[in-house]
Amino acid sequence: MSGGGCSIVWFRRDLRIEDNPALTAAVRAGAVVAVFIWAPEEEGHYYPGRVSRWWLKQSLAHLDSSLRSLGTFLLTKRSTNTISALLDVFKATGASHLFFNHLYDPLSLIRDHRVKEVLSAQGIRVRSYNADLLYEPWDVKDANGNPFTTFAGFWERCLSMPCDPEAPLLPPKRIVSGDASRCLCDTLVFEDESEKGSNALLARAWSPGWSNADKALTTFINGPLLEYSKNRRKADSATTSFLSPHLHFGEVSVRKVFHLVRMKQVLWANEGNKAGEESVNLFLKSIGLREYSRYMSFNHPYSHERPLLGHLKFFPWVVDEGYFKAWRQGRTGYPLVDAGMRELWATGWLHDRIRVVVSSFFVKVLQLPWRWGMKYFWDTLLDADLESDALGWQYISGTLPDSREFDRIDNPQLEGYKFDPNGEYVRRWLPELSRLPTEWIHHPWNAPESVLQAAGIELGSNYPLPIVGLDAAKARLEEALSEMWQQEAASRAAIENGTEEGLGDSSESIPIAFPQDIAMDEEDIEPARVNAHTVRCYEDQMVPSMTSSVRLEDESSLNIQSTAEDGRAEVPTNANLPQEPARDAVNPRAMPTAPTQTRLPYTAGIALRTSVEDSTAESSSSSDVRRERDGGVVPVWSPPSSSYTEQFVVDENGIGTSSSFLQGHQQTHQIINWRRLSQTG
DNA sequence: TAGCGGTTGGG
DNA sequence: CCAACCGCT
């Protein structure tokens, strides 16, 4: 090791140079080697999907070029083991410090803890920071010092914390590069040949990379934000922020988003602009939900795999791959659902409202295991995000204390009237219905035969009849729910009697397998019919074993006449996606972001910090808050040790994949007891 | 007109 | 579950 030693900055989902505390701290400490390690095997079942990998590739290239302009570069490593890759880099560079920013998904919590242990034991100084959240999860507690179990309380607390979220840090002006000459830079492969064609289309609609994220933020805040409240429920209004993929990869910091939005809030409040204020509050709430997803993941580290309310594990899921396939293909017979699923497949994007529609349909009408749906989202969404998606699906599935009740079925037809009143969204994504009058566009099954004929539609042939009737779904749901409660009661009784382990524990080792062979035989486009006897499975489902679904390319051949022509559904030119020209049209002076800028023009006096230390000085009065911010300590966090195991191979370093990280730790995962909650709350 | 049931939104 | 809202009595 060379004396003194430089610092390693370990980039993960913080692919930005602005407001990046780990980077800033490392730069202050001296010479820096920036590293990104691609070890997707460690993600287990949650190997990123095609579009997500495409984004990551672009974003890393963008970061690398930014780092180069500052005097260094991004060292990329391909590994199956993050810790040993890090150790290699330390050996080759003689570095003495490691800096990184916190993540809160279960795998990262465990892995990062190990990193600290292992590297510290080697005499390496390890520092980690909050860069992903307004407040660290362990800082947000209720009056009794306990974590919140509902969003409203959580968010209220966040907005009334004694200290505002940290102000964003400026990018470094220059980086002294550490000596990485003895490191081999691996070429990372994020797409295979068969994926390149599809991916090429993405670049038309999206521009990954931190400075583009910054532009997208500015564009949104100076434009659609004002009308966010009014427009947010239109399926294809281009009025959402489109920031989610940027946020997922940490290309823009939520703290910056928060502060910029708050400026608008102050401005509009002074002007008495009610609509603007409402919009800001709604938008901030969606930021809050992202925040809350990390909070939940931290406090309930299995929330991506298990329902938070224990009773749901007794729900008898309908295990029907035909349903699942029809849903994925957008052939359920409900136009709004189908349009959404086609859009998702074609573009990797869905408006938030439509996500709720399709996932709610999935869980309530089809009664498929929610984690299948979540996994499909993971594989197809451009902004796939484990914590956010887990929260979303749990909300839909009625397994959060404050989520919707399970027994309420949303009617896709009525939702169609609301979110797509003119049927434009449906027509865009379901060309086979494009000639159907608006009156019938959300319920073609009611349309007179003559109307259908004129529109060239033959139900059951070129567009399906509803895969399940809503009345039937409702009846089936009620039945299933009563069974669920019976099972739950039986299990509780068994536990109280001490006669049995309880169904819950044993059931968890009997997974509902995720459909292994998800490949679609293209001939078989006929959606599943309602089965006379639906196959039900009473166990909670396990993590889908669909890693091979990295490519679901087979699905692209929906084999529907209208889309078959061009094979894979393209991103339509008129699709609801941000276009580059629109972004560039934004007044560039409105929100300068150049590194030379030292302060944001913020009337309320929030200034950009120029370094971590500045902020220490600013807020030194509240030592408590400071400590955690730059705390080298990832807080004590103990994952469960229950028999919930998947047989992953543990490699020689004792670091396996996925849940093997979680083994051998003390149990703390709380399954919330619904009854207790209802009684106290 | 106050009050009722049904519906919807909400995280 | 709960609050807001709507149409109706």
Side-chain angles (χ1 to χ4, degrees), chain A residues 133-134 137 140 142 147-159 228-235 240-241 244 247 254 274 278-300 303-304 307-309 311-312 336 350-365 370 373-374 377 383 385-421 442 470-471 474 477-478 481 484-485 672-681:
Chain A
L133 296 174
L134 300 177
V140 185
D142 68 15
F148 289 96
T149 52
T150 58
F151 173 72
F154 166 80
W155 189 228
E156 200 182 326
R157 179 77 187 125
C158 284
L159 292 177
Y228 184 78
S229 164
K230 199 202 302 172
N231 289 328
R232 85 206 134 100
R233 47 189 56 251
K234 292 288 172 287
T240 54
S241 70
S244 53
L247 281 168
V254 278
K274 290 302 251 183
E278 197 193 339
S279 287
V280 164
N281 287 334
L282 277 166
F283 179 70
L284 284 182
K285 192 168 80 176
S286 67
I287 296 292
L289 285 167
R290 175 187 178 280
E291 197 91 353
Y292 191 54
S293 73
R294 271 72 181 153
Y295 186 77
M296 292 301 268
S297 176
F298 178 79
N299 287 306
H300 305 278
S303 61
H304 65 301
L308 225 63
L309 294 179
H311 63 255
L312 201 79
L336 188 64
L350 268 190
H351 188 287
D352 176 61
R353 283 287 101 199
I354 305 303
R355 294 183 197 207
V356 172
V357 169
V358 300
S359 54
S360 167
F361 184 85
F362 185 94
V363 172
K364 307 290 182 68
V365 178
W370 62 276
M374 188 179 119
F377 270 25
D383 57 8
D385 182 283
L386 200 53
E387 296 95 310
S388 291
D389 291 345
L391 183 69
W393 282 88
Q394 294 237 18
Y395 168 64
I396 293 301
S397 302
T399 63
L400 300 171
D402 50 355
S403 61
R404 249 193 242 191
E405 294 92 12
F406 206 131
D407 58 359
R408 203 154 106 195
I409 293 189
D410 293 310
N411 185 330
Q413 177 185 340
L414 301 180
E415 289 177 314
Y417 300 155
K418 273 182 296 188
F419 304 141
D420 184 30
H442 292 300
L470 287 190
D471 289 342
K474 185 137 201 155
L477 186 60
E478 274 163 19
L481 282 170
M484 176 183 84
W485 289 116
I672 295 173
N673 184 319
W674 171 252
R675 288 163 202 286
R676 197 179 313 150
L677 269 176
S678 333
Q679 281 158 17
T680 57

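So that the names make sense, note that chain A is the first sequence line, chain B the second, and so on, each numbered from 1.
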message: Counting C-beta onward and ignoring hydrogens, is there a side-chain heavy-atom pair between Phe361(A) and Leu336(A) closer than 4.5 Å?
response: no
statement: d(Leu133(A) CG, Tyr295(A) OH) to nearest 0.5 Å is 11.5 Å
- request: Just call it for Gly288(A): base, sugar-phosphate, or nothing, with non-hydrogen atoms closer than 4.0 Å on any strand.
  value: nothing
- prompt: Can you tell me how far the CG atom of Leu284(A) sits from the CG atom of Leu159(A), to the nearest 0.5 Å?
  reply: 7.0 Å
message: When you compare the ring of Phe151(A) with the six-membered ring of dG11(B)'s base, are the centres less than 5.5 Å apart and the planes under 30° from each other?
response: no
- prompt: dG11(B) P sits how many Å from Glu156(A) CD, rounded?
  reply: 12 Å
field: Interatomic distance, Phe154(A) CZ vs dG11(B) C1' [rounded to whole Å]
entry: 12 Å
field: Minimum-distance nucleotide (side-chain atoms of Leu414(A) versus dG11(B), dT8(B), dG9(B))
entry: dT8(B)
message: Of the listed nucleotides (dG10(B), dT8(B), dG11(B)), which one gets closest to any side-chain atom of Arg404(A)?
response: dG10(B)
task: Send over the distance from Asp402(A) CG to dC2(C) C1', rounded to a whole Å.
output: 13 Å
query: Can you find a side chain N or O atom of Lys418(A) that sits less than 4.0 Å from OP1 or OP2 on dG9(B)?
result: yes
- prompt: Within this structure, what is the CD1-to-C1' distance between Ile409(A) and dG9(B), rounded to whole angstrom?
  reply: 17 Å
message: Could you tell me how far apart Tyr395(A) (OH) and dG9(B) (P) are, to the nearest whole angstrom?
response: 10 Å
- request: Could you state the atom-to-atom distance from CD1 of Ile396(A) to P of dG11(B) in whole Å?
  value: 12 Å
query: Between Glu278(A) (CD) and dG10(B) (C1'), how many Å, whole number?
result: 13 Å
- prompt: Nearest-Å distance, CZ (Arg408(A)) to C1' (dG11(B))?
  reply: 12 Å
message: To the closest 0.5 Å, what do you measure between CG (Leu391(A)) and CG (Leu386(A))?
response: 11.5 Å
